[in-house]
S.K.: 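Before we start, here is the structure in question, set down as structure tokens.
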There are 2 protein chains.
Amino acid sequence: MSTQSAVATQPDTKQRILDAAERLFAHEGYNNTSLRAITGEADVNLAAVNYHFGSKEALLEAVFQRRLVPLNQVRRERLEAVREASQREGRPPGARETLAAFIEPTLAFRESAAGAGEFSNLVGRAIIDPDDTVRKIFLHHIEPIFQLLFDTLREALPDLPPEKLFWRVQFSLGAMGHTIHMRATGDDAQKNGKFKCLPHGIISSCDAASMTDMLLTFITAGMEAP
Amino acid sequence: MSTQSAVATQPDTKQRILDAAERLFAHEGYNNTSLRAITGEADVNLAAVNYHFGSKEALLEAVFQRRLVPLNQVRRERLEAVREASQREGRPPGARETLAAFIEPTLAFRESAAGAGEFSNLVGRAIIDPDDTVRKIFLHHIEPIFQLLFDTLREALPDLPPEKLFWRVQFSLGAMGHTIHMRATGDDAQKNGKFKCLPHGIISSCDAASMTDMLLTFITAGMEAP
DNA sequence: GTATGTTTTATACACCCGTTTGAAACGTTT
DNA sequence: AAACGTTTCAAACGGGTGTATAAAACATAC
């Protein structure tokens with residue numbers, strides 16, 4: 001009785017907190033985002049976070065939970081589709097299609113749910129974030145699907161020793177996380193000259209689709225290297 | 001008169017602060033390291049940092065300065081050696097030797113100066129650190145040598161459009177930074193189960209030399225992809 | 001309309017941060 | 001020994017943090 005009315009009653013404050021937290025965590029990082037900034041942006045009282053979620057860390061957990069569960073389900077389905085196709089046709093799965101099954105949903109997801117774009121930035125940040133809190137929570141959520149990716153890649157590249165495969169996957173994650181993060185902070189940074197590294201200052205193909213294509217080409221080649 | 005005696009007199013406190021800061025910045029990150037932690041580890045008074053360096057940010061700058069200037073000189077020499085050899089022999093420079101000229105000195109440097117190992121961890125962190133303070137100072141130091149790397153790679157891969165080259169270099173930096181950071185925090189993390197991602201829990205070839213070799217193989221293949 | 005449970009609000013708490021200050025300790029020079 | 005510039009020290013400042021609390025506002029049920 002209490003729970004029912006509660007769920008029906010609470011209009012959006014929990015949602016608004018999640019949205020604001022997602023955006024700020026992705027943009028500023030977990031440690032650099034204060035609860036006051038979140039509640040200010042969400043236009044709710046400061047104490048609302050601790051009331052609805054318990055703590056700042058639990059809020060981060062909830063932010064991940066909301067998006068990562070459906071996202072991982074899509075990844076799982078695509079990865080298993082790759083495996084089944086390979087078994088049906090009696091060939092090992094392709095490295096690129098395996099990696100794409102893991103990476104592309106993040107992109108597609110980006111344009112599906114409104115505001116989910118911020119989340120994929122958060123994921124990119126979470127992969128490489130030096131902070132332990134973020135990594136710990138994120139890894140816990142992604143571990144099973146990561147295992148499936150690893151297993152499928154083992155079939156795709158049977159000649160590669162598992163240790164090497166492990167590190168090559170890490171290389172790929174690093175490249176992916178760094179790139180997403182650059183894109184995330186780069187939108188406003190382009191004007192501030194953050195991309196000075198590029199000699200002649202022109203970055204044309206910065207859209208998500210071509211980025212993913214470039215990234216996949218890069219890490220697939222690295223993965224298939226002798 | 002004042003400066004001379006000052007340089008001769010001050011025994012080691014500036015040095016000790018630099019060492020402690022280097023270690024802690026590399027291990028915990030810039031934002032997560034307090035001046036009290038640094039001065040505590042260096043066994044100096046809290047005010048010593050602001051007295052000798054002016055501010056926490058200036059201390060970070062000094063930490064980079066101390067190691068990055070000689071390191072970049074080595075990188076520059078090696079990159080120019082690659083270019084001269086290619087010109088002398090009338091062939092384009094090799095992608096791998098170019099990348100090695102940039103990456104390997106960090107490794108060699110690691111085993112040269114005592115305690116410099118911490119620094120290469122800091123560099124790895126700086127590459128991917130989402131925090132603006134760290135990135136800004138680091139990029140400022142590395143920009144000229146980065147430009148040289150880029151130009152040499154342009155010669156090594158003349159058919160690759162500059163935009164693609166730019167992003168592939170970014171992929172490489174991301175892979176490199178993430179890997180160094182994993183190694184840095186992984187030493188004690190291995191016991192704490194941080195490497196759960198690896199299925200059967202065995203990470204044998206984790207030494208710096210074979211890591212560098214694997215990384216170079218990976219990013220060279222990615223760089224040379226069609 | 002009163003009672004009950006849920007949510008919001010304002011305020012306060014304890015803690016940690018980077019930085020500043022003014023006096024004490026030190027070493028060197030005259 | 002006296003004077004001076006340099007370095008150390010303990011203490012405090014102002015500000016920001018996550019969290020806790022008690023009263024107020026609200027919605028629902030009897």
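We name chains A, B, ... by the order of the sequence lines, and we start the count at 1 in each one.
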S.K.: Looking at A/His52, I'd like to know whether one of its side-chain N or O atoms comes within less than 4.0 Å of OP1 or OP2 on C/dT8.
M.R.: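 Yes, such a contact exists.
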S.K.: Identify, with sequence neighbours excluded, every residue that meets salt bridge (charged side-chain N to carboxylate O under 4.0 Å, His left out) alongside B/Glu80.
M.R.: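 Checked B/Glu80 against salt bridge (charged side-chain N to carboxylate O under 4.0 Å, His left out); matches are B/Arg76.
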S.K.: Quick one: A/Asp12 CG to C/dT7 P, roughly how many Å, whole number?
M.R.: 13 Å
S.K.: Locate the shortest heavy-atom distance separating B/Asp131 from B/Val134; write the atom from each residue and the value.
M.R.: OD2-N, 3.3 Å
S.K.: Polar pairs (N or O, both sides) under 3.5 Å between protein and nucleotides 24-26 of chain D?
M.R.:
none

S.K.: Find the distance between NZ (A/Lys14) and OH (A/Tyr51) and round it off to the nearest 0.5 Å.
M.R.: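 Spacing of NZ (A/Lys14) from OH (A/Tyr51) equals 9.5 Å.
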S.K.: Quick one: NZ on B/Lys56 to OH on B/Tyr30, what's the gap to the nearest 0.5 Å?
M.R.: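 Rounded to the nearest 0.5 Å, the NZ-OH separation comes out at 5.0 Å.
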S.K.: Separation of A/Tyr51 atom OH from C/dG5 atom P, in whole Å?
M.R.: 13 Å
S.K.: As a quick check of understanding, evaluate salt bridge (charged side-chain N to carboxylate O under 4.0 Å, His left out) for B/Asp213 and A/Lys164, giving each step before the final call.
M.R.: CA-CA 11 Å; B/Asp213 186 65; A/Lys164 285 196 177 183; 5.7 Å; no
S.K.: Which letter, B, S or -, goes with each nucleotide of nucleotides 14-19 of chain D from 5' to 3', with contact meaning a protein heavy atom under 4.0 Å?
M.R.: ---BBB
S.K.: Starting from P on D/dT7, measure out to CG on B/Asp43 and report it in whole angstrom.
M.R.: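 From B/Asp43 CG to D/dT7 P: 19 Å.
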S.K.: Return the orientation label for the B/Phe138 and B/Phe64 ring planes: parallel under 30°, perpendicular over 60°, tilted otherwise.
M.R.: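 Tilted: the ring planes of B/Phe138 and B/Phe64 meet at 30° to 60°.
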S.K.: Looking only at heavy atoms, which two atoms of A/Ala100 and A/Pro105 are closest? And how far apart?
M.R.: O-CD, 3.5 Å
S.K.: For D/dA10, does OP1 or OP2 lie under 4.0 Å from any side-chain N or O of B/Asn45?
M.R.: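 Result: yes.
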S.K.: For the atom pair OG1 (A/Thr179) and NE2 (A/His181), what is the distance rounded to the nearest 0.5 Å?
M.R.: 11.0 Å
S.K.: For the pair made of NZ in B/Lys14 and C1' in D/dT6, what is the distance, rounded to whole Å?
M.R.: 13 Å
S.K.: Rounded to the nearest Å, what distance is computed from the CD atom of residue B/Glu28 to the C1' atom of nucleotide C/dC17?
M.R.: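 About 16 Å, once rounded to whole Å.
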S.K.: Name the residue from B/Lys136, B/His140, B/His141 that meets the side-chain hydrogen bond (donor to acceptor under 3.5 Å, both in side chains) definition with B/Glu61.
M.R.: B/His141
S.K.: Ignoring backbone atoms, establish whether B/Thr13 has a side-chain N or O less than 4.0 Å from OP1 or OP2 of D/dT7.
M.R.: no
